[in-house]
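Here the structure is a predicted model, which means the values were calculated and not measured. Each chain gets a letter, A, B and so on, in the order the sequences are listed, and its residues count up from 1.
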Amino acid sequence: MTIQITNTMTGRKELFETIEPGKVRMYVCGPTVYAEAHIGHAMSAMVFDIIRRYLEYQGYQVIHAQNFTDVDDKIINRANELGISSEQLAEDMINEWMAQTARLNIKPATIYPRATQEIDTIIGLIEKLIESGHAYHVPGSDVFYRVSRFENYGKLSHRNLDDMIAGSRVDVDEHKENPMDFVLWKAAKEDEPSWDSPWGPGRPGWHIECSAMIQRHLGGEIDIHGGGSDLIFPHHENEITQSESINCGHNLARYWVHNGMLELRGEKMSKSEGNLVTIRELLDMGGGEVFRFMVLGSHYRSPMAFGDDTYESAKRGLERLIGAVRGLDRREVPDARPSHELADAADEARQRFEAAMNDDFNTPVALAALFDLARSINRAQDEGHGTPEARWAQARLQDLAAVLGLKLQEPEPESLDSAPFIDLLVEVRQQLREAKQFELADQVRDRLSALGVVIEDSAEGSRWRMDR
RNA sequence: GGCGCCGUAGCCAAGUGGUAAGGCAGGAGUCUGCAAAACUCUGAUCGGCGGUUCGAAUCCGCCCGGCGCCUCCA
């Protein structure tokens with residue numbers, strides 16, 4: 001069990017070794033809750049859900065923290081627009097996020113810290129930073145981090161201060177000693193939510209909350225710190241700077257893991273640009289698992305394109321996997337491994353699956369192993385091989401898919417109100433077929449098909465399913 | 001201007017030195033009353049030009065094209 005992970009810090013794949021044996025402490029940056037989340041957020045959460053599931057599959061105990069940034073300018077502005085408090089807006093958005101991620105089969109994080117619940121820790125951190133000369137308070141203004149005091153500033157994003165200053169900059173706060181200095185504590189304006197602090201009423205800057213949450217909930221150094229690649233700079237860079245300034249030589253995190261951006265029409269999906277598909281829209285079209293399949297289909301570090309064509313293609317691919325385990329009843333699965341070539345195929349698939357996942361979570365290759373196993377199962381069934389072997393292999397396929405968070409289940413027909421009526425129509429059609437009334441039988445099938453009900457005839461009779 | 005990523009069959013997408021996984025679509029066939037599903041067969045020399053090497057999609061250089069970050073951002 002040797003897992004390799006690409007570490008943004010070094011830019012290369014590294015052997016994964018946890019600080020504490022068998023235990024992984026993972027912190028993943030969650031959304032700023034000011035508006036409905038889009039599928040780019042879903043993708044990021046899903047990527048780390050998959051990583052977590054695989055680590056757990058490999059026997060690690062994973063402590064997974066995912067934060068909510070629940071106070072910032074955008075939340076305040078949006079709440080004002082809506083005429084509700086920023087607390088209320090954040091609460092609503094968080095509830096929605098929890099419900100939606102659940103429907104996306106994303107395992108709940110172990111802890112969900114929020115910026116507003118870390119104020120004491122945050123203030124404590126800032127005090128330390130000021131004491132040690134890493135930060136300064138400008139009276140009547142904000143508290144800033146003094147970037148020049150951290151000699152390795154830019155080590156994560158691989159850039160240096162001089163290059164960045166050379167870049168075009170706008171709106172530099174004139175209170176700053178250095179344009180790259182960033183806010184730790186933001187003084188409150190009128191009517192803004194605020195907390196008392198040694199520097200007057202205000203609220204935390206964006207980056208400090210993560211440093212505080214990690215320190216308080218996970219300890220000084222964590223194993224994995226994750227998030228979207230757009231967070232590398234400045235957010236994660238600044239987190240490192242703050243935390244390591246007072247971390248007594250410890251690194252903030254061992255492995256920095258970043259997922260690629262989701263693209264729509266060739267451009268990064270983002271709230272501010274307005275080119276987005278919301279998670280709600282995705283779920284409304286029944287695309288939760290299809291989307292997960294799409295995420296699995298490209299490497300987590302690469303950008304992923306979302307579009308009608310890629311969606312349809314993924315949907316068909318997913319249906320193929322679902323088809324391979326169709327009709328599986330776990331109660332019919334033999335306990336013992338059958339001695340049959342299908343069992344060999346299942347073993348081989350598992351080995352390839354693990355090798356792929358060990359290699360920086362190469363999900364496209366892991367999926368390929370599942371597809372090959374699906375083919376073996378289908379072939380064996382076509383050749384009429386005994387069900388015990390097939391059941392056993394199907395169960396193995398379903399188990400591996402589950403490691404990726406794929407359920408591979410069709411919607412329960414019984415849960416449909418219309419199920420009894422569809423059953424009746426299928427039964428009648430069967431009688432028509434037996435009476436060689438094919439024209440009528442086909443008509444029934446066509447009409448049902450138009451309603452999204454797919455009928456498949458076989459030697460054992462007809463079965464139907466909803467076309468998702 | 002700086003940093004980084006990417007360009008592989010019609011589409012999506014793995015693959016970092018030894019002659020290209022997988023999926024979708026397409027074509028032919030098997031099965032079927034027909035259809036669907038499934039199965040079998042079927043396709044690329046890897047953006048371009050040079051270089052290193054016995055050998056490169058994989059390493060180096062240049063060029064072309066696309067994207068991300070450098071401001072809030074998963």
Side-chain angles (χ1 to χ4, degrees), chain A residues 8 11 13 28-32 34 37-48 66 69 72-74 154 157-160 162-172 180 206 226-235 237 258-263 266-273 293-294 297-299 301-305 307 309-321 323-324 326 352 356 359 362-372 374-375 377-383 433 436-439 441-442 445-446 449 454-459 462-465 467:
Chain A
T8 305
K13 277 185 206 170
V28 181
C29 285
T32 300
Y34 71 97
H38 59 69
I39 58 178
H41 301 111
M43 174 171 98
S44 186
M46 221 171 242
V47 161
F48 290 98
Q66 188 242 103
T69 300
D72 94 318
D73 289 347
K74 280 184 296 211
S157 52
H158 308 109
R159 48 188 93 186
N160 61 60
D162 295 338
D163 290 341
M164 288 186 283
I165 291 166
S168 63
R169 300 195 53 78
V170 280
D171 280 356
V172 173
M180 293 308 294
W206 178 34
S229 61
D230 53 351
L231 297 181
I232 295 172
F233 190 92
H235 187 236
E237 194 71 61
H258 294 98
N259 62 275
M261 294 294 100
L262 186 61
E263 294 177 355
E267 291 193 340
K268 174 185 163 187
M269 186 171 288
S270 74
K271 288 182 197 167
S272 43
E273 296 300 319
F293 184 88
M294 292 177 77
S298 74
H299 192 93
R301 272 180 294 115
S302 305
M304 184 181 111
D309 44 352
T310 54
Y311 180 87
E312 277 308 314
S313 169
K315 185 176 161 190
R316 302 286 191 99
L318 176 63
E319 276 166 2
R320 184 172 165 74
L321 288 181
R326 186 166 292 147
R352 282 209 289 146
D359 182 14
N362 194 331
T363 51
V365 173
L367 271 190
L370 299 192
F371 274 108
D372 286 340
R375 167 168 281 114
I377 291 170
N378 289 334
R379 186 192 296 133
Q381 290 193 319
D382 271 15
E383 289 168 357
R433 290 179 67 213
K436 307 278 184 208
Q437 300 259 48
F438 295 124
E439 214 168 295
D442 290 351
R445 183 176 62 200
D446 293 345
S449 171
V454 180
I455 291 185
E456 292 176 5
D457 300 328
S458 73
S462 302
R463 66 182 168 201
W464 64 271
R465 61 189 169 86
D467 180 33

Query raised in the report: Looking only at side-chain N and O atoms, does A:Lys268 come under 4.0 Å of OP1 or OP2 in B:rC69?
Result: yes

Query - Span that lies between the C1' atom of B:rA74 and that of B:rA21, in whole angstrom - result: 29 Å

Report task. Check every strand shown and say whether A:Asn378 touches a base, only sugar-phosphate, or nothing at a heavy-atom separation below 4.0 Å. Result -> sugar-phosphate

Query raised in the report: Are any of the side-chain nitrogens in A:Asp382 or A:Arg379 under 4.0 Å away from the carboxylate oxygens of its partner?
Result: no

Report task. Determine the contact category for A:Ser458: base if any of its heavy atoms lies under 4.0 Å from a base atom, sugar-phosphate if only primed atoms, P, OP1 or OP2 are that close, otherwise nothing. Result -> nothing

Requested in this report: Quickly work out the A:Glu267 CD to B:rG66 C1' distance and round it to whole Å.
Outcome: 11 Å

Report summary line: Of the listed B:rG22, B:rG2, B:rA14, the closest approach to the A:Asp372 side chain comes from B:rG22

Report task. Determine the interatomic distance between C1' on B:rA14 and the same-named atom on B:rG22; round to the nearest Å. Result -> 8 Å

Query - Among B:rA74, B:rA21, B:rC34, the one nearest A:Ser44 by side-chain distance - result: B:rA74

Requested in this report: Whole angstrom is fine here: how far is it from CE in A:Met180 over to P in B:rC3?
Outcome: 15 Å

Query - Separation of B:rG2 P from A:Glu237 CD (nearest whole Å) - result: 19 Å

Query raised in the report: Which residues satisfy the ring-ring contact (aromatic ring centres under 6.0 Å, His included) test with A:His235, sequence neighbours excluded?
Result: A:Trp206, A:His207

**Report entry** Value in whole Å for how far the C1' atom of B:rG26 lies from CD of A:Glu312
**Finding:** 17 Å

Query raised in the report: Quantified in whole Å, what is the C1' atom distance between nucleotide B:rA35 and nucleotide B:rG43?
Result: 27 Å

Query raised in the report: Do the side-chain N or O atoms of A:Ser313 get closer than 4.0 angstrom to the phosphate oxygens (OP1, OP2) of B:rA13?
Result: no

Requested in this report: Let me know the distance between CZ of A:Arg433 and C1' of B:rC34, rounded to the nearest Å.
Outcome: 9 Å

Query raised in the report: A:His299 near the nucleic acid: base, sugar-phosphate alone, or nothing, with a heavy-atom cut-off under 4.0 Å?
Result: sugar-phosphate

Query raised in the report: Tell me: CE of A:Met269 to P of B:rG68, nearest whole Å?
Result: 13 Å

Report task. For B:rG26, give its Watson-Crick or G-U wobble partner with both distances under 3.5 Å, or none. Result -> B:rU42

Query - Under-3.5 Å donor-acceptor pair between A:Asp162 side chain and B:rG2 base - result: no

Report task. Could you work out which one of B:rU40, B:rG68, B:rC72 sits closest to the side chain of A:Arg379? Result -> B:rU40

Query raised in the report: Should A:Arg352 be listed as having a side-chain N or O under 4.0 Å from OP1 or OP2 of B:rA21?
Result: no

Query - Which nucleotide in B:rA74, B:rA14, B:rC39 has an atom nearest any side-chain atom of A:Ser298 - result: B:rA14

Query raised in the report: Does a nitrogen or oxygen in the side chain of A:Asn259 sit under 4.0 Å from OP1 or OP2 of B:rA74?
Result: no

Report task. For B:rG47 and B:rU8, measure between their P atoms and round to the nearest Å. Result -> 6 Å

Requested in this report: Please check the phosphate of B:rA37 (OP1 and OP2 only) for any side-chain N or O of A:Arg463 closer than 4.0 Å.
Outcome: no

Requested in this report: Quick one: label A:Leu231 by what it contacts on the DNA or RNA (base, sugar-phosphate, nothing), any heavy atom closer than 4.0 Å.
Outcome: sugar-phosphate

Query - hbond_proxy A:Arg320 side chain to B:rC24 base (donor-acceptor, 3.5 Å cutoff) - result: no

Report summary line: Separation between CD (A:Glu267) and CE (A:Met261), nearest 0.5 Å, reads 14.0 Å

Query - Rounded distance in Å - CG (A:Leu262) to P (B:rA13) - result: 12 Å

Requested in this report: Grab the CG-P distance between A:Asp359 and B:rA14 for me, whole Å please.
Outcome: 12 Å

Query raised in the report: How far does NE2 of A:His41 sit from OG1 of A:Thr32, to the nearest 0.5 angstrom?
Result: 7.5 Å

